[in-house]
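These notes concern the structure reproduced below.
Only this structure's heavy atoms are used, side chains among them; waters, hydrogens and symmetry mates stay out.
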Amino acid sequence: MINCAERQNKIMTMKLCKFSQRNEEEIHKIFTNRQNKIYAKKFASTQFNKRIVFVPHCMRNINACIAIEKDGYYICVECGKCKIGDISGLMRELHYSALYIAKGGRSVEKIIKDQKPEAVVGIACFFEGDQAFRTLKEKRIVMQFVPLTKDGCTATDINLKEAVKVLRCTI
């Protein structure tokens, strides 16, 4: 006869085994989706001018991009040769604080430290989204994550309608 505690341990072990069988991307996906839900209302209540947007440099059309290179990021000039220009135009229209085409995590951390946003829209692969949520949570900055629909380290893509929905999000 199994007592309640033993039964709970057995159930937890079964769940952990099942969980560990999932691939890493699925785990990042579950975590980021959960975090998006947790922070949705707080993000929506943040004024646009207190939000910044990060997009990965791998979304740029590297054969045609004329973005201006700065320290650890690029500044979009809205040339129309990739979807970053569409995102940049909309965030400017909504009066977001800024958009950064990030080269990597260290540049994002420096920008966060310098700009002190209240909220962030992060566009990235699930792994980077997971890392961003964990980092920003420590800094008490809310985030909404928009996953890439095609990742890799070059020629990545995004569902622009999803990004627009997140950018426009208010209460």
Could you pull out every donor-acceptor pair under 3.5 Å between side chains of residues 69-82 and any protein atom, sequence neighbours left out?
residue : atom : partner : partner atom : Å
Glu69   : OE2  : Lys103  : NZ           : 2.2
Glu78   : OE1  : Arg92   : NH2          : 2.7
Glu78   : OE2  : Ser88   : OG           : 2.9
Glu78   : OE2  : Arg92   : NE           : 3.0
Glu78   : OE2  : Arg92   : NH2          : 3.3

Once rounded to the nearest 0.5 Å, what's the spacing between atom [atom1] of [X] and atom [atom2] of [Y]?
X: Ile101; Y: Phe54; atom1: CD1; atom2: CZ; value: 12.0 Å
X: Ile66; Y: Arg60; atom1: CD1; atom2: CZ; value: 11.0 Å
X: Ile112; Y: Ile52; atom1: CD1; atom2: CD1; value: 4.0 Å
X: Leu94; Y: Phe48; atom1: CG; atom2: CZ; value: 4.5 Å
X: Thr46; Y: Tyr39; atom1: OG1; atom2: OH; value: 12.0 Å

Next item on the list: Verify, without hydrogens or angle tests, whether Lys83 (side chain) and Ile158 (backbone) share a donor-acceptor contact under 3.5 angstrom.
Entry: yes
Check: Among all residues two or more places apart in sequence or in another chain, which pass the ring-ring contact (aromatic ring centres under 6.0 Å, His included) test with Phe43?
Finding: none
Can you list, pair by pair, the side-chain donor-acceptor contacts under 3.5 Å of residues 122-134, counting residues two or more places apart and other chains?
residue : atom : partner : partner atom : Å
Asp130  : OD1  : Arg134  : NE           : 2.4
Asp130  : OD1  : Arg134  : NH2          : 3.4
Asp130  : OD2  : His28   : ND1          : 2.8

N/O donor to acceptor pairs below 3.5 angstrom from side-chain atoms of residues 162-171, sequence neighbours left out:
residue : atom : partner : partner atom : Å
Glu162  : OE2  : Lys165  : NZ           : 3.1

Next item on the list: Tell me whether Leu99 is reachable from Ile68 by hopping between hydrophobic residues (I, L, V, M, F, W, Y) whose side-chain heavy atoms are closer than 4.5 Å.
Entry: yes
Notebook entry, point to check: salt bridge (charged side-chain N to carboxylate O under 4.0 Å, His left out): which pairs involve residues 109-122, sequence neighbours left out?
Noted result: Lys50-Glu118, Lys110-Asp114
Can I get a per-line list of side-chain donor-acceptor pairs under 3.5 Å for residues 137-154, giving both atom names and the distance, sequence neighbours left out?
residue : atom : partner : partner atom : Å
Gln144  : NE2  : Asn36   : O            : 3.1
Thr149  : OG1  : Asp157  : O            : 3.4
Lys150  : NZ   : Ala155  : O            : 2.8

Checklist line | From CA spacing to verdict: side chain to side chain contact (heavy atoms under 4.5 Å, CB included), Ile87, Tyr96 | finding: CA-CA 11 Å; Ile87 294 166; Tyr96 268 66; over 6 Å; no
